Student: 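Below you will find the structure I want to go over with you.
Computed from a prediction, not measured in an experiment: that's the story for all the values here. Each residue takes its place number in the sequence, starting with 1.
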Amino acid sequence: MPNGPHLDEALHTLSSELAAEQRELTDWTTRDAWLAYMRFGRRRCFNAALTPDSDGLLFQYGTYAFSGRPMFTLHLTRQFAVIDADSEHDHYVQLHCELRYEPERDLDALGSFHSWFFHDAGADLEEWFAAMEGRLRVLFARRPAEMDVYEEQV
């Protein structure tokens, strides 16, 4: 929404959703992070471009060695398209909530998966959340070994 808060406030908004429970992030379960991500994903108040691919949610997981050693990683991302002064695509801003777990057989058995949802593209957000939540059940009660929240331009 062009008249909403600037995208510079989006990371603060995600962090606020994660902090809503007033607990240290080390105490969080996967379910806590998922509920915060859903609250953040439902918010449509940022001044992103008004195109069907300008505000997207990415849900992905798999076992990766991004930090040097293999860990099962759940990556919850929101992506905003940024346009330049000529109303042309300039870049994307991605806000990440990354949860990493020690490798375990049942997590490795999940393999890898990813799914995008884009606001204003005609799909139902609550149906997408329900489908992704179904893939998370094995993780809900677990506490991640590591958790990072960050922003990047791509």
Student: How many angstroms lie between atom CZ of Arg43 and atom CE of Met38, to the nearest 0.5 angstrom?
Tutor: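 If we round to the nearest 0.5 Å, Arg43:CZ and Met38:CE are 15.0 Å apart.
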Student: To the nearest 0.5 angstrom, please state how far the CG atom of Leu136 sits from the OH atom of Tyr37.
Tutor: 10.5 Å
Student: Counting N and O atoms only, with roles assigned by atom type, does the side chain of Asp84 sit under 3.5 Å from a partner on the main chain of Asp86, one being a donor and the other an acceptor?
Tutor: yes
Student: Please report the interatomic distance CD(Gln60) to CG(Leu76), rounded to the nearest 0.5 Å.
Tutor: 9.0 Å
Student: Between CD of Glu104 and CE of Met71, what distance do you get to the nearest 0.5 Å?
Tutor: 10.5 Å
Student: Phe118 vs Trp116 aromatic rings, parallel, tilted or perpendicular, using cut-offs 30° and 60°?
Tutor: parallel
Student: Might you point out which heavy atoms bring Ser115 and Trp128 nearest each other, and give the distance in Å?
Tutor: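 Result for this residue pair: OG-NE1, 2.9 Å.
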Student: Only one of Arg69, Arg142, Glu146 clears side-chain contact (heavy atoms from CB on, under 4.5 Å) with Glu102; which?
Tutor: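 Answer to the side-chain contact (heavy atoms from CB on, under 4.5 Å) test with Glu102 among Arg69, Arg142, Glu146: Arg69.
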Student: Could you measure the distance from the CG atom of Leu74 to the CZ atom of Arg100? Nearest 0.5 Å is fine.
Tutor: 11.0 Å
Student: For Pro103 and Pro70, work out which heavy atoms get closest and say how close.
Tutor: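 Pro103 and Pro70 have their closest heavy atoms at CG-O, 3.2 Å.
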Student: Specify the closest pair of heavy atoms between Thr30 and Leu99, including all atoms of both residues, with the distance to one decimal.
Tutor: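 Taking Thr30 first and Leu99 second, the nearest heavy atoms are CA-CD2, 4.3 Å.
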Student: Phe59 pairs by side-chain contact (heavy atoms from CB on, under 4.5 Å) with which of Phe129, Phe117, Phe113?
Tutor: Phe113
Student: Indicate, with yes or no, if Tyr92 and Val149 share a hydrophobic cluster defined by side-chain heavy-atom contacts under 4.5 Å among Ile, Leu, Val, Met, Phe, Trp and Tyr.
Tutor: no
Student: Please report the interatomic distance OH(Tyr150) to OG1(Thr77), rounded to the nearest 0.5 Å.
Tutor: 7.0 Å
Student: Just wondering, do Glu133 and Trp34 contact through their side chains at under 4.5 Å, heavy atoms?
Tutor: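 With C-beta onward as the side chain, the pair touches.
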Student: If we only count heavy atoms from C-beta on, is the Gln79 to Asp53 side-chain gap below 4.5 Å?
Tutor: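 In short, these two side chains do not touch, never coming nearer than 4.5 Å.
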Student: Between Leu125 and His119, is the side chain to side chain contact (heavy atoms under 4.5 Å, CB included) condition met? List the steps.
Tutor: CA-CA 8 Å; Leu125 177 61; His119 290 284; 3.7 Å; yes
Student: Applying the side-chain contact (heavy atoms from CB on, under 4.5 Å) criterion to Thr63, which one of Thr73, Asp108, Leu107 satisfies it?
Tutor: Asp108
Student: Does the pair Leu57 and Phe40 meet the rule for a side chain to side chain contact (heavy atoms under 4.5 Å, CB included), with working shown?
Tutor: CA-CA 10 Å; Leu57 302 171; Phe40 179 63; 5.7 Å; no
Student: Are the side chains of His114 and Leu58 in touch, meaning some heavy atoms are under 4.5 Å apart?
Tutor: yes
Student: Going through the distances and angles, do Asp55 and Arg78 end up as a side chain to side chain contact (heavy atoms under 4.5 Å, CB included)?
Tutor: CA-CA 7 Å; Asp55 184 355; Arg78 187 159 184 185; 2.7 Å; yes
Student: Would you find more than 12 non-hydrogen atoms of other residues, nucleotides or ligands less than 6.0 Å from His89 atom NE2?
Tutor: yes
Student: Looking at every non-hydrogen atom in both residues, tell me the closest pair between Phe72 and Gly111 and how far apart they are.
Tutor: CE1-O, 4.1 Å
